[in-house]
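A short write-up of the structure that comes next.
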Protein chains: 2
Amino acid sequence: MGRREDNKAKKRADLETAALQLFLGQGYHATSIEQVAAEAGVARGTFYLYFDDKEALFRSLVGAALDPAIDALVEARAALDVAQDSLQSGAAYQELGSSLVQTVMEYPEAILLFYREQRNPGPIGEWLRTRSSQLDSFVADMVRSLGERGLIRNIDPRFAALAIVGAIDRLVYAWLSGNEFGDPAQVAQEVVRLFGEGLVDQPTTTAS
Amino acid sequence: MGRREDNKAKKRADLETAALQLFLGQGYHATSIEQVAAEAGVARGTFYLYFDDKEALFRSLVGAALDPAIDALVEARAALDVAQDSLQSGAAYQELGSSLVQTVMEYPEAILLFYREQRNPGPIGEWLRTRSSQLDSFVADMVRSLGERGLIRNIDPRFAALAIVGAIDRLVYAWLSGNEFGDPAQVAQEVVRLFGEGLVDQPTTTAS
DNA sequence: AAAAAATGACAGACCCGCCAGTTTTCCTTG
DNA sequence: CAAGGAAAACTGGCGGGTCTGTCATTTTTT
């Protein structure tokens, strides 16, 4: 029977959840392998039977949450490439949005860790920023596409993407950090409206 | 003569600039006092004649950039409290904006460090987040005030503030990290327009 | 020569990754 | 089904390394 396999998988998971809590509590850098092992209830040496080092642990941990998100991004791009009308592309955006929301809801701690460590130097930070910039590029392409179809006013896509991603980033981060503000779905709609109206081409309404 | 004093001040500055480069290059946590001292050309023991520890060094370093910004915030709040018409409050906002831009232009590295370390756990991160949330609160009040005067549509000020600050945050961060995009003044205007039109009350323009 | 500044060795504390020795699990065989 | 042995899993001490903050001593300034 796979009793051995099961135990191994379980212990791996124990180490990962222990690490997740410690990383969130004191940061990746400040957490020692000793602490992770102790928290998971094993000796230091045992850790090395499951992971090469702290970095491999982190990648496994956060990758479990990020990989699905990146996959969703890739799929959305593929769907958009073959989309013929705005109905189909709208569906692709819809699908992407719900995938991303689902990922965040499923791995809130890992995503929070992603936000926390993102700006740190070193290989971990670089790895996270690579993932991050994929989203930036996607949004930039989206803005560019909408601009070319005349649906929004002319604006530097790279600039708009940073603003949009930055706003969402901060909102999600605040929410994951424990700040409460209403129904996420309603918040999402507010974001769309906020940027939607800010991006649409229209005469400048001068409020005195 | 103040020769001694001068040298002391200069050495302090040397230590700070050395630390700034190292913090930006490898992060606060990964930088040792040994490295800072070596980079500044002094022995490790000398460091402790100028700063209590690494944390005091960081606070001094980043505080030099943040304090003026916080001061500008406090002054703007005071000016808004006594402002009677929207001309005066507009001037206060204008003044605040130019102060903040000036601070960023004067201490770009320190501000970048502020963005970098902001989400890390520990006393340093908490200290930075305290400063950060002052800006959040200010913007939230601003949105609330504009809403009460009917200049923008009804929207949760806390939510709008996070979106606005998040977008600006990301743009400034990208710019400080070396991403080029045109004239900062023009970018600022774009931000105002983006959010301005997104916040104004208006019939929902449904683009098919 | 007195005062101030600078130095670097030292003690104490962690941490990493390894690995020889121990314990647990599994499976075969009588 | 029990016994026993091989294999897998686990342990914790060790060597080697880094970092901190102090302080008696040396160097520089006045």
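Just so it is clear, the model here is predicted, and its values are computed rather than measured.
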Legend entry - Between D:dT22 (C1') and B:D53 (CG): distance, integer Å: 14 Å
Legend entry - Euclidean distance, atom CG of residue B:N7 to atom P of C:dA6 [Å, nearest integer]: 8 Å
Legend entry - Euclidean distance, atom NZ of residue B:K8 to atom C1' of C:dA3 [Å, nearest integer]: 12 Å
Legend entry - Residues forming a side-chain contact (heavy atoms from CB on, under 4.5 Å) with A:S32, sequence neighbours excluded: A:E34, A:Q35
Inset, instruction - Sort and list the pairs that fulfil side chain to side chain donor-acceptor pair (under 3.5 Å) and have at least one residue in residues 89-100 of chain A, not counting sequence neighbours. - result: none
Set out, line by line, the N/O atom pairs under 3.5 Å between protein and nucleotides 10-12 of chain C.
none

Legend entry - d(NZ, A:K10; C1', C:dT24) in whole Å: 16 Å
Inset, instruction - Report yes if a side-chain nitrogen or oxygen of B:Y50 is closer than 4.0 Å to either non-bridging phosphate oxygen (OP1 or OP2) of C:dA6; otherwise report no. - result: yes
Legend entry - salt bridge (Lys or Arg N to Asp or Glu O under 4.0 Å) partners of residues 55-73 of chain A, not counting sequence neighbours, each pair once: A:E55-A:R59
Legend entry - Minimum-distance nucleotide (side-chain atoms of B:T46 versus C:dA5, C:dT7, C:dG17): C:dT7
Inset, instruction - Give the rounded distance in Å between these two atoms: CG of B:L49 and P of D:dT27. - result: 17 Å
Inset, instruction - With DNA chain C as reference, determine whether B:A43 or A:G45 sits nearer its 5' end, using the nearest nucleotide of each. - result: B:A43
Legend entry - By side-chain contact (heavy atoms from CB on, under 4.5 Å) - contacts of A:E39 (at least two apart): A:A18, A:L22
Legend entry - Residues forming a side chain to side chain donor-acceptor pair (under 3.5 Å) with A:D141, sequence neighbours excluded: A:R77, A:R144
Legend entry - Parallel, tilted or perpendicular: rings of A:H29 and B:H29 (30°, 60°): tilted
Inset, instruction - Can you tell me the distance, in whole Å, between the NZ atom of B:K54 and the C1' atom of D:dT18? - result: 12 Å
Legend entry - side chain to side chain donor-acceptor pair (under 3.5 Å) contacts touching residues 174-192 of chain B (sequence neighbours left out): A:R153-B:E190
Inset, instruction - If a pair satisfies salt bridge (Lys or Arg N to Asp or Glu O under 4.0 Å) and one of its residues is in residues 115-124 of chain B, list it, with sequence neighbours excluded. - result: A:D169-B:R119
Inset, instruction - Fit a plane to each ring of A:F58 and A:F23, take the angle between them on a 0 to 90° scale, and name the class: parallel (under 30°), tilted (30 to 60°) or perpendicular (over 60°). - result: tilted
Inset, instruction - Grab the CZ-P distance between B:F51 and D:dG21 for me, whole Å please. - result: 14 Å
Inset, instruction - Would you mind reading off the distance between B:F47 atom CZ and D:dG21 atom C1', rounded to a whole angstrom? - result: 11 Å
Inset, instruction - May I ask you to list the residues of residues 11-42 of chain A, by number, that have any heavy atom positioned under 4.0 Å from an atom of DNA chain C? - result: A:S32, A:I33, A:E34
